[in-house]
Amino acid sequence: MKREIHAISTGRQSIESLTTIVEEIHPFVDAIHIREKSKTASEIYQIVQKLLENEVPLDKIIINDRVDIAYVCKVQGIHLAHHSLPVYAVKNEFPGLRIGYSCHSLVEARKAEKEGADYLFFGHVYATTSKPGLPPKGLKQLKNICRGVNVPVLAIGGVKPSNIPDILQTGANGIVLMSGIFEAEDPKGAANDLVKKVNKGTGGYT
Ligand SMILES: Cc1ncc(COP(=O)(O)OP(=O)(O)O)c(N)n1
Ligand SMILES: Cc1ncsc1CCOP(=O)(O)O
Ligand SMILES: [Mg+2]
C-alpha cells in the first residue's frame, strides 16, 4: 500500500496565504485538507475555485466536515470528525466520495471502518500546540489501531521529519501535518523533505 502524506490547513491563514502554499506543495503531497472551521461555505468554495484556477488537481483536495462543499466541488473526498455527519450516512448518500475519519480510540476506529470509512487519522500521536492541554496518545496506541483495522491509518499530531521512522514502524500508512507544512518557513522544501523521509527504504519516491 502506498504511503501517504496529507497536509491540513490551519484555519488561521488568509485565503491568499493558504492558496499560495497549496499551489507550492501540491505536487509533493497526496492530499490537502481544507479545514477551515470559521470560514463560511462561500469562502471555502472560493478557496477551491482559486486552487482550480491555479491548476491544483481537484483529486488532491479533501474538504473537512462540509459534505455539501465536497460534493459540489467534486473533490477527492470528505474528512469527518466526531462532530460531523455520521460516516454511514455520508457513505450511503455519496458512495463516490473518499471518506476519512478522525478517530481517537480502537472502538471509534472499528466503528468508522464498519460504517464505510476509507481511511482513518489517529492522534494526536505527539504533543502539539494544535491540541493544547490534551495528553498525546503515543506510538503504542497508534500501533494498536493499525493492527485493529484493515483500512489505512495515518498518524496526526506533532509529526515532524525526525519522528517519521518511528511512526512508520507502527504499521501506519502515512503522516498528516499541519504546522510542519503550512507554518514552515519554506513549505515546498518541507513537503519535499517529507516525501524523501516517508519513502526511504521503499525503493521509490512518488
Ligand atoms: C477524544 C477526542 N474527541 C474529540 C476531539 C476533537 O475533535 P475531532 O473529532 O478530532 O476533530 P478535530 O476538531 O480534531 O478536527 C479530540 N481531539 N479528542
Ligand atoms: C487536526 C488535528 N487533530 C489531531 S492533531 C491535529 C493538528 C495537528 O497539527 P500539527 O501537525 O501542527 O501538530
Ligand atoms: Mg481530531
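Only heavy atoms go into these numbers, but all of them, side chains included; no hydrogens, no water, no symmetry mates. For ligands, and for the atoms within them, numbers begin at 1 and follow the listed sequence.
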Can you tell me if Lys143 has over 12 outside heavy atoms packed within less than 6.0 Å of its NZ? no
Indicate yes or no: does Arg98 engage Glu4 in a salt bridge with an N to O separation below 4.0 Å. yes
Electrostatic pair Asp118-Lys91, nearest N-O below 4.0 angstrom: yes
Relative to the heavy atoms of Ser179, which atoms of ligand 2 are at a distance of less than 4.0 Å? 10 (P), 11 (O), 12 (O)
Using 4.0 Å as the upper bound for N to carboxylate O, is an ion pair formed by Lys2 and Asp30? yes
Residue His124 vicinity, atoms of ligand 2 by number, heavy atom under 4.0 Å: 5 (S)
Near Arg35, which atoms of ligand 2 are under 4.0 Å from a heavy atom of that residue? 1 (C)
Classify the ring geometry between Tyr119 and His79 as parallel (under 30°), tilted (30 to 60°) or perpendicular (over 60°). tilted
For Leu177, the ligand 2 atoms with a heavy-atom partner under 4.0 Å come out as 11 (O)
Short N or O distance, Gly180 and ligand 2, threshold 3.5 Å exclusive: no
Between the main-chain N or O of Val198 and the side-chain N or O of Arg3, is there a donor-acceptor pair closer than 3.5 Å? yes
One residue to check: Glu183. Relative to ligand 2, which of side chain, backbone, both or neither has a non-hydrogen atom less than 4.0 Å away? neither
Taking only heavy atoms of Thr128, which atoms of ligand 2 are found under 4.0 Å from at least one of them? 9 (O), 10 (P), 12 (O), 13 (O)
Contact with ligand 2 for Gly123, non-hydrogen, under 4.0 angstrom: no
